[in-house]
Amino acid sequence: MEAPAAAPVDVYVSVGSNVAPEENLRLACRELRSRFGSIDLSSVYRSPPVGFAGDDFLNLVLRFRTNEPPAAIVSELERLHALAGRVRGSARFAPRTLDLDLLLYGSAVLPEAPIRVPREDICEYGFVLGPIAELAPELRHPVTGETMAGIWANFDKRRHPMERVGDLNL
């Protein structure tokens, strides 16, 4: 079992859903707040699915502080997937009741499976990068050293169009 971090670190998690999305985003945020305490949320963004045809996704990024190890956080995210009724299938790109990903664990760089941080999705998908840049614009990517705002400013936003739809009312 992994030892907890010596001091609390900021953890960033992406939250998305295109099946009853408002309900499932609230479920995830409520459960994570119950487990980890105070959480900060980006705005909620609507974006079309990537890799398949289906309903639009609602996405946000949240942040909390913890000294629990990454494996414990990922285990909690998997518990929430099950709680929301997510069924793991063979299709990588498919509708999701809930899609939770550990993006950052402090400034840790963990390049080996099963837990990889920073998650590559940060720089690949606008619906991850935009919300994290909103929530923590001066946060530096642990590998590139660039700020999230800087990465977002240079991101081709036409690749993954999205629309801010507001804040999640918990």
Open item on the list: Walk me through whether R119 and S14 qualify under side-chain contact (heavy atoms from CB on, under 4.5 Å).
Closed with: CA-CA 10 Å; R119 191 163 176 97; S14 63; 5.7 Å; no
Nearest heavy atoms of [X] and [Y], plus distance in Å:
| X | Y | value |
| --- | --- | --- |
| P48 | P161 | CD-O, 3.3 Å |
| H160 | E124 | CE1-O, 3.0 Å |
| P118 | A108 | CD-O, 3.9 Å |
| A72 | E68 | CB-OE1, 3.5 Å |
| V15 | L25 | CG1-CG, 3.9 Å |
| R164 | S43 | NE-OG, 2.9 Å |

Open item on the list: Name the residue from L32, L168, D40 that meets the side-chain contact (heavy atoms from CB on, under 4.5 Å) definition with L62.
Closed with: L32
Open item on the list: Go through it in stages, so that I can follow the logic: the residues are S47 and N59, the test is side chain to side chain donor-acceptor pair (under 3.5 Å), and I'd like the CA-CA distance, side-chain angles, deciding distance and then a yes or no.
Closed with: CA-CA 8 Å; S47 61; N59 296 283; 3.1 Å; yes
Open item on the list: Whether the side chain of K157 engages the backbone of W152 through a donor-acceptor N/O pair (distance < 3.5 Å, no angle test) should be reported.
Closed with: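 Side chain of K157 to backbone of W152: a pair is present.
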Open item on the list: Please check this pair: side chain of D99 against backbone of G16, looking for a donor-acceptor N/O pair closer than 3.5 Å.
Closed with: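 Judged by distance alone, no pair lies under 3.5 Å.
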Hphob cluster co-occupancy, [X] + [Y], side-chain heavy atoms under 4.5 angstrom:
| X | Y | answer |
| --- | --- | --- |
| L110 | V11 | yes |
| L83 | I39 | yes |
| V61 | V143 | no |
| V50 | V19 | no |

- [ ] Specify whether F36 and F64 have parallel, tilted or perpendicular ring planes, treating 30° as the upper limit for parallel and 60° as the lower limit for perpendicular.
- [x]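 Parallel.
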Output the distance between atom [atom1] ([X]) and atom [atom2] ([Y]), rounded to the nearest 0.5 Å.
| X | Y | atom1 | atom2 | answer |
| --- | --- | --- | --- | --- |
| F127 | L58 | CZ | CG | 12.5 Å |
| R116 | D101 | CZ | CG | 13.0 Å |
| Y125 | M162 | OH | CE | 14.5 Å |
| L103 | D121 | CG | CG | 7.0 Å |
| E78 | I73 | CD | CD1 | 13.0 Å |
| L60 | D167 | CG | CG | 10.0 Å |

Open item on the list: Looking at D10 and R65, is there a salt bridge between them, counting it only when a charged N and a carboxylate O are closer than 4.0 Å?
Closed with: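 D10 and R65: salt-bridged.
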Open item on the list: Regarding E76 and R79, does a basic nitrogen lie under 4.0 Å from an acidic carboxylate oxygen?
Closed with: yes
Task: Steps toward side-chain contact (heavy atoms from CB on, under 4.5 Å) verdict (Y45, V165) - done: CA-CA 5 Å; Y45 293 86; V165 295; 6.0 Å; no
- [ ] Start with the C-alpha gap between R35 and E31, add the side-chain angles, then the distance that decides, and say whether side-chain contact (heavy atoms from CB on, under 4.5 Å) holds.
- [x] CA-CA 6 Å; R35 169 78 184 264; E31 291 290 320; over 6 Å; no
Open item on the list: Between R96 and S17, do the side chains contain a donor N or O and an acceptor N or O under 3.5 Å apart?
Closed with: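 Note: S17 and R96 side chains miss the donor-acceptor criterion.
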- [ ] Could you give me the CA-CA distance, side-chain angles and deciding distance for L102 and V74, then say whether side-chain contact (heavy atoms from CB on, under 4.5 Å) is met?
- [x] CA-CA 7 Å; L102 175 61; V74 170; 3.9 Å; yes
Open item on the list: Could you work out, with side-chain contact (heavy atoms from CB on, under 4.5 Å) as the rule, every residue matching A84, not counting sequence neighbours?
Closed with: N24, L27, T97, L98
Open item on the list: Once side-chain contact (heavy atoms from CB on, under 4.5 Å) is applied, do any residues pair with E146, and if so which ones, sequence neighbours excluded?
Closed with: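 Expected list: T144, I151.
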